[in-house]
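Read through the structure below, which is laid out as structure tokens, and then see the notes.
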Amino acid sequence: MNLKEQVGKKAVEFIKEGMVVGLGTGSTVYYFIHELAKKIKEGLNVELVSTSVQSINLAKSLGLEVKDIEEVSCIDISVDGVDEIDKNFNAIKGGGAALFREKIVADISNHVVWIYDEKKDVEKIGAFDLPVEILPFAYNHTIKKMEDLHLNPKLRHKEGKILVTDNSNYIVDLALGEGFNIEEVKKKLSTIVGVVEDGLFINMCKHCIKGTEQGAIIIENHNYKRK
């Protein structure tokens, strides 16, 4: 069993009868959705919402019903992956271009669980470029402002075309380097009209499940405080 599959299966242990569950996005969550589908077919009764069209399609292919997020009054728990995470539970997300919906779902979830393999565990975040979702309107001007603020932006493409998110926006990846000043970058981005959301997820999880060669490790964030 690979490490992603290991933590995906472990995360299902957090899911209880009657919960509203937020499905994250990405290659690690893929295994969580597959394992959750097995439990549902065995009789587990839960409601599902999703952070992306990709995860909706995966869930439906497994015979699961996914509700529109407006149909539920709350989300009991959401399970998602990360691209990088440090010991203070600062994470970069958005490699799968779903960061805006992922952050919304995390923000309204009562319990957030992040699942990842040990390679995503870093001393300081930043080696992985920081994704930022921006509006298509005047996007070159938005990118120019990022350049002027020394954020080293690069517009993301896929298959030779500009990548378009589920929200019909674009993604810009910022090459900031390991150990960048998080507060300074957040402040700079807040001054740029056209920025929709960034991929900085700061202290937003209650638990992490890290996959290691010795087995899955559950880590509780004791500094997490629900808003």
Side-chain angles (χ1 to χ4, degrees), residues 4 23-30 50-55 57-58 78 80-107 112 114-205 208:
K4 292 182 178 182
L23 305 176
T25 299
S27 59
T28 307
V29 173
Y30 169 90
S50 179
T51 58
S52 68
V53 172
Q54 178 188 76
S55 291
N57 290 339
L58 173 59
S78 60
D80 209 348
V82 300
D83 295 303
E84 276 190 339
I85 184 169
D86 68 18
K87 61 184 178 181
N88 295 314
F89 303 95
N90 300 316
I92 289 179
K93 290 172 50 57
L99 66 97
F100 188 22
R101 294 190 184 192
E102 288 173 340
K103 190 171 280 190
I104 290 174
V105 168
D107 185 61
V112 176
W114 286 341
I115 57 176
Y116 54 92
D117 66 76
E118 56 190 349
K119 294 178 182 178
K120 305 292 180 69
D121 204 4
V122 297
E123 187 66 28
K124 296 180 179 179
I125 60 174
F128 190 94
D129 290 352
L130 175 66
V132 178
E133 189 157 343
I134 67 170
L135 293 172
F137 181 76
Y139 72 93
N140 277 320
H141 296 274
T142 302
I143 293 172
K144 177 62 166 58
K145 289 187 177 183
M146 292 178 172
E147 291 171 345
D148 292 343
L149 291 170
H150 309 291
L151 294 173
N152 303 318
K154 183 179 180 181
L155 184 65
R156 191 184 298 185
H157 289 72
K158 184 177 181 180
E159 299 175 353
K161 299 180 180 180
I162 296 175
L163 183 146
V164 179
T165 71
D166 290 345
N167 310 302
S168 300
N169 294 322
Y170 295 164
I171 295 287
V172 175
D173 295 301
L174 308 183
L176 301 173
E178 182 180 352
F180 66 88
N181 187 310
I182 293 172
E183 291 303 319
E184 182 178 306
V185 169
K186 292 282 283 184
K187 185 176 181 179
K188 285 181 177 180
L189 290 173
S190 71
T191 68
I192 303 174
V193 177
V195 168
V196 177
E197 188 54 82
D198 62 67
L200 284 167
F201 286 61
I202 307 303
N203 195 35
M204 294 187 74
C205 68
C208 292

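On a predicted model such as this, the values are computed, not experimentally measured, just so you know. The figures that follow rest on heavy atoms only: side chains count, while hydrogens, waters and symmetry mates do not.
Here K93 pairs with E102 in a salt bridge; the nearest charged N to carboxylate O distance falls below 4.0 Å. Note on K87 versus D121: no salt bridge recorded, every NZ/NE/NH1/NH2 to OD/OE distance being 4.0 Å or above.
Atom-to-atom distance recorded for W114:CH2 and C205:SG is 4.5 Å, nearest 0.5 angstrom. The distance from the OH atom of Y170 to the CG atom of N140 is 9.5 Å, given to the nearest 0.5 Å. Rounding to the nearest 0.5 angstrom, the gap separating the CZ atom in R101 from the CD atom in E133 is 9.0 Å. Residue E178 holds its CD atom at 10.5 Å from CG of D86, rounded to the nearest 0.5 Å.
Residues S168 and P136 come closest through the heavy atom pair O-CG, 3.2 Å. The two atoms that bring M146 and L189 nearest to each other are CE-CD2, 4.3 Å, heavy atoms only. Taking all atoms of both residues into account, the shortest heavy-atom contact from I171 to P131 is CG2-CB, 4.2 Å. Listed here is the closest heavy atom pair of S50 and V105: O-CG2, 4.2 Å. I134 and T142 make their closest contact through CG2-CG2, 4.1 Å (heavy atoms, listed as atom of the first residue, atom of the second, distance). For the residue pair H157 and L155, the shortest heavy atom distance occurs at ND1-O, 3.2 Å.
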Under the side chain to side chain contact (heavy atoms under 4.5 Å, CB included) criterion, do I182 and L200 qualify, and how do the steps go? CA-CA 8 Å; I182 293 172; L200 284 167; 4.1 Å; yes
Residues V29, D80; criterion side chain to side chain contact (heavy atoms under 4.5 Å, CB included); working and verdict: CA-CA 6 Å; V29 173; D80 209 348; 3.8 Å; yes
Assess the residue pair L149 and T191 against the criterion (side chain to side chain contact (heavy atoms under 4.5 Å, CB included)); give the C-alpha distance rounded to whole Å, side-chain angles, the decisive distance to 0.1 Å, and a yes or no. CA-CA 10 Å; L149 291 170; T191 68; 3.9 Å; yes
After noting the C-alpha distance and the side-chain angles of L174 and N152, does the key distance pass the side chain to side chain contact (heavy atoms under 4.5 Å, CB included) rule? CA-CA 5 Å; L174 308 183; N152 303 318; 5.9 Å; no
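Under the 3.5 Å distance criterion, the side-chain polar atoms of N181 are matched with a main-chain donor or acceptor of E183. Listed for the T51 side chain is a donor-acceptor partner under 3.5 Å among the backbone atoms of L23. Without hydrogens or angle criteria, S55 side chain to G24 main chain gives a donor-acceptor distance under 3.5 Å. Between the side chain of D83 and the backbone N or O of G95, at least one donor-acceptor pair lies under 3.5 Å.
The local environment of CZ in F180 is crowded, with over 12 non-hydrogen atoms from other residues, nucleotides or ligands closer than 6.0 Å.
Residue pairs meeting the salt bridge (Lys or Arg N to Asp or Glu O under 4.0 Å) criterion with at least one member in residues 159-176, sequence neighbours excluded: R156-D173. Screening residues 137-154 for salt bridge (Lys or Arg N to Asp or Glu O under 4.0 Å), with sequence neighbours left out, gives K144-D148.
Side-chain atoms of F89 and M204, non-hydrogen and from C-beta on, never get closer than 4.5 Å to each other. The shortest side-chain heavy-atom distance between V82 and I92 does not fall under the 4.5 Å cut-off. Between L99 and E197, the closest side-chain pair of non-hydrogen atoms falls below 4.5 Å. I85 places a side-chain heavy atom less than 4.5 Å from the side chain of Y116.
Listed by chain and residue number, K188 satisfy the salt bridge (Lys or Arg N to Asp or Glu O under 4.0 Å) test with E184 (two or more places apart in sequence, or in another chain).
Geometric assessment of K103 against the ring of F201 yields a positive cation-pi assignment under the 6.0 Å and 45° thresholds.
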